[in-house]
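Reminder, nothing fancy here: chain letters follow the sequence lines and each chain counts from 1. Hydrogens, waters and symmetry mates are skipped; everything else that's a heavy atom, side chains included, is used.
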Amino acid sequence: MPDFRLYNTLTRQVEPFAPADGTTVRMYTCGPTVYNPAHLGNFRTFLFEDLMRRVLALRGWTVHQVMNLTDVDDKIITRAREQGKTISEVTEPVIEVFHRDREYLRIQRAEAYPRATAFIPQMVALVQRLIERGVAYQADDGSVYFAIAKFPAYGRLSRLDTREIKPGARVIQDDYSKENAQDFALWKAAKEEDEITGASWDSPWGRGRPGWHLECSAMAMDLLGDTLDLHCGGIDLIFPHHEDEIAQSEAATGQPFSRVWCHGAFLLTEGAKMAKRVGNVSTVQGLREARFSAAALRHFVFNTHYRKELNLSEEALAASRQAVRRVGDFAERLRSDTTMALGGTPALVQAADEAVAQAEAALFDDLNGPEALAALFEFIRRGNAELDRKGGDRTAVERARAALDRIDGILDIVPDREPADEGLAEWIEEQLAARRAARIARDFAEADRIRHELTSRGVTIEDSAGETHWKLD
RNA sequence: GGCGCCGUGGCCAAGUGGUAAGGCGGCAGACUGCAAAUCUGCUAUUCGUCGGUUCGAUUCCGACCGGCGCCUCCA
């Protein structure tokens with residue numbers, strides 16, 4: 001088996017990776033806060049994690065991925081308050097949208113999607129443990145905080161020790177009850193709106209709710225054990241979220257929280273980070289309505305390495321749409337009976353083998369999507385050329401099909417062919433019959449007229465030896 | 001202000017201390033009645049700028065310019 005390497009944020013290096021037990025990768029991926037549908041920027045990270053789990057599986061490991069759904073937090077409570085709802089009334093529909101978008105983008109289902117509100121006992125237990133260990137305290141405001149000063153390793157992931165806080169950047173708000181301004185909340189004492197919206201639970205420290213960072217630690221350790229193999233998320237989570245997760249978890253267990261940390265870079269739009277507050281978000285729903293297929297969107301995301309910023313633009317998206325069209329045409333050609341009947345050549349097999357080897361090598365080297373795509377496109381070019389030769393070797397075609405399936409099993413960028421409804425298909429066939437007659441009569445003006453008619457309805461036709469294929473654009 | 005990332009052809013984007021993958025687009029040719037699809041050829045002597053190290057740098061070092069992010073809720 002080839003070496004599998006990943007960039008580890010902890011060491012800032014690309015290093016060999018393997019699960020601790022040699023068989024199962026226990027992977028935790030920070031999921032969405034479900035108060036609003038996730039935008040493409042969020043999904044870039046989820047897409048990177050989808051690529052990760054597929055490549056891990058390709059490498060031969062079992063993947064156990066957990067992605068949390070944060071269904072209790074300030075924004076959710078605020079929204080619930082505004083709309084006179086409970087938090088679950090706010091989050092339930094958003095969770096549905098999340099899964100619908102996820103499926104549209106062909107993101108494989110994780111093994112578990114724990115909701116924060118379903119793990120309150122585990123969170124309370126974790127806080128209790130931290131208090132017993134003397135690294136957490138209840139302040140005058142009733143909330144429980146983590147005492148950063150008691151955890152010397154704090155800041156290792158984000159290299160806090162090498163940074164200095166911008167004067168005035170961290171304005172010490174009204175948190176006078178905290179021992180240290182940087183201490184973060186483990187358990188937030190309930191306020192009136194928390195009670196009204198159903199965002200409050202009993203605890204040894206009174207009514208309250210869990211802090212955001214705590215949720216992930218508690219759920220990750222409950223579902224995956226004290227030490228994870230891999231923890232992924234967007235680059236913005238490094239500080240403070242992941243830093244705080246490490247502090248809480250390691251202070252409680254004395255064990256490393258995650259062996260490896262991976263972070264995906266941002267998706268930008270118009271040169272700025274895609275974010276709701278910037279007002280430049282693209283939703284999956286919107287992209288879908290603009291007729292960008294899952295295949296095109298996946299191509300767009302995977303065509304840039306996950307650790308490099310990616311700028312969303314109309315042109316780039318259009319380029320991906322075209323690129324993926326080519327992939328789809330090749331896939332259809334390979335699958336067709338005509339192609340099988342015509343057969344392939346030894347060189348087709350060679351092209352297929354090389355493509356698989358190159359794509360896998362690229363993917364195993366820190367998830368290099370762009371190189372894997374390059375290998376695929378090289379295969380398409382050579383494959384088409386060899387198929388043009390009609391070599392007669394059916395086995396070669398089978399090998400090529402298998403190669404494409406293997407590569408596309410990871411990238412998943414063959415677009416779906418939109419089926420024409422029955423009436424349209426019937427009409428198209430009638431037009432094609434009429435055109436055929438016109439061509440036989442060498443009435444090309446009429447044949448072209450019919451073709452234009454079809455084109456105006458979004459139907460593209462391709463004449464090839466003896467037969468005419470049509471497809472919807 | 002601190003920490004970090006990025007700057008490769010018209011657009012997107014890999015990559016390496018030894019002379020630039022791939023996609024989109026464009027041009028020309030083959031095929032076609034004409035197209036479409038496909039194939040072939042061409043489309044960066046050059047990798048932000050200026051220095052340095054080296055036999056040799058796009059790749060290492062330094063400075064500068066430009067863009068972005070984190071330091072505050074955040075994929």
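- The partner of B:U45, taking Watson-Crick or G-U wobble pairs whose two distances both stay under 3.5 Å, does not exist in any strand shown.
- Taking atom CD of residue A:Q358 and atom C1' of nucleotide B:G15, one finds them 13 Å apart after rounding to whole Å.
- Contact annotation for A:G41: base contact, defined as any heavy-atom pair under 4.0 Å involving a base atom.
- Of all nucleotides listed (B:A13, B:C68, B:A36), B:C68 comes nearest to the side chain of A:L268.
- The 5' end of RNA chain B is approached more closely, in terms of each residue's nearest nucleotide, by A:I461 than by the other of A:I461 and A:A272.
- Taking atom P in both B:U43 and B:G2, the straight-line distance is 46 Å, to the nearest Å.
- Each of A:T304 and A:R333 has a nearest nucleotide on RNA chain B; the 5'-most of these lies closest to A:T304.
- The C1' atoms of B:G62 and B:C70 are separated by 25 Å, rounded to the nearest whole Å.
- The aromatic rings of A:F43 and A:F98 sit parallel to each other, their planes meeting at less than 30°, with 60° as the upper class boundary.
- Among the heavy atoms of the strands lying under 4.0 Å from A:L237 are primed sugar atoms or P, OP1, OP2 only; no base atom is included.
- With rounding to the nearest 0.5 angstrom, the CZ atom of A:R209 is 9.0 Å from the OG atom of A:S143.
- Using a 4.0 Å heavy-atom distance criterion, A:S464 is classed as making no nucleic acid contact.
- Using C1' as the reference atom, B:C34 and B:U16 are 47 Å apart when rounded to the nearest Å.
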*Do nucleotides 23-34 of chain B as a string where each nucleotide becomes B, S or -: B if the base has a protein heavy atom under 4.0 Å, S if just the sugar-phosphate does, - if no protein is that close.*
SSS-------BB
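- Closest to the A:K308 side chain, of the nucleotides B:A75, B:A14, B:U38, is B:A14.
- Residue A:L267 is in base contact, counting any heavy-atom pair closer than 4.0 Å across all strands shown.
- Comparing B:C39, B:A37, B:A14 by their nearest atom to the side chain of A:N384 picks out B:C39.
- Distances shown here put a side-chain N or O of A:K273 below 4.0 Å from the OP1 or OP2 atom of B:C70.
- To the nearest whole angstrom, the two P atoms, one in B:G10 and one in B:U54, are 34 Å apart.
- Using P as the reference atom, B:U58 and B:G52 are 14 Å apart when rounded to the nearest Å.
- Straight-line distance from the CG atom of A:L310 to the P atom of B:C11: 16 Å, rounded to whole Å.
- With a cut-off of 3.5 Å on both Watson-Crick or G-U wobble distances, the partner of B:U16 is given as none.
- Here B:G1 sits opposite B:C71 as a Watson-Crick or G-U wobble pair (both hydrogen-bonding atom distances under 3.5 Å).
- A:K75 comes within 4.0 angstrom of a base, heavy atoms only.
- With both pairing distances under 3.5 Å, B:C60 is matched to B:G52 as a Watson-Crick or G-U wobble pair.
- Salt bridge annotation for A:K471-A:E332: absent, with no cationic side-chain nitrogen under 4.0 angstrom from a carboxylate oxygen.
- The side-chain tip of A:R307 points at the ring of A:Y7 from less than 6.0 angstrom away and within 45° of straight on.
- A distance of about 12 Å separates the P atoms of B:A63 and B:C3, rounded to the whole Å.
- For B:A14, the OP1/OP2 oxygens have no side-chain nitrogen or oxygen of A:N368 closer than 4.0 Å.
- The side-chain tip of A:R321 points at the ring of A:F292 from less than 6.0 angstrom away and within 45° of straight on.
- Heavy-atom contacts from other residues, nucleotides or ligands closer than 6.0 Å to CZ of A:R417 number more than 12.
- Separating the C1' atom of B:U19 from that of B:U59 is a span of 11 Å, rounded to the nearest Å.
- Between A:F48 and A:Y306, the ring-plane angle classifies as parallel under the 30° and 60° cut-offs.
- A salt bridge does not link A:D74 to A:R81: none of the charged nitrogens lies less than 4.0 Å from a carboxylate oxygen.
- The phosphate of B:A75 has OP1 or OP2 within less than 4.0 Å of a side-chain N or O from A:T33.
- Between A:L69 atom CG and B:A75 atom P there is a gap of 12 Å when expressed in whole angstrom units.
- Base pairing annotation: B:G7 forms a Watson-Crick or G-U wobble pair with B:C65, both donor-acceptor distances under 3.5 Å.
- The residue A:H263 sits apart from the nucleic acid: no heavy atom pair falls under 4.0 Å.
- Between B:A44 and B:A21, the two C1' atoms lie 14 Å apart (nearest whole Å).
- Of the nucleotides present, B:G29 is the one that pairs with B:C39 by Watson-Crick or G-U wobble criteria, both distances under 3.5 Å.
- Remark: side-chain polar atoms of A:R106 are not paired, donor with acceptor, to backbone N or O of A:A294 under 3.5 angstrom.
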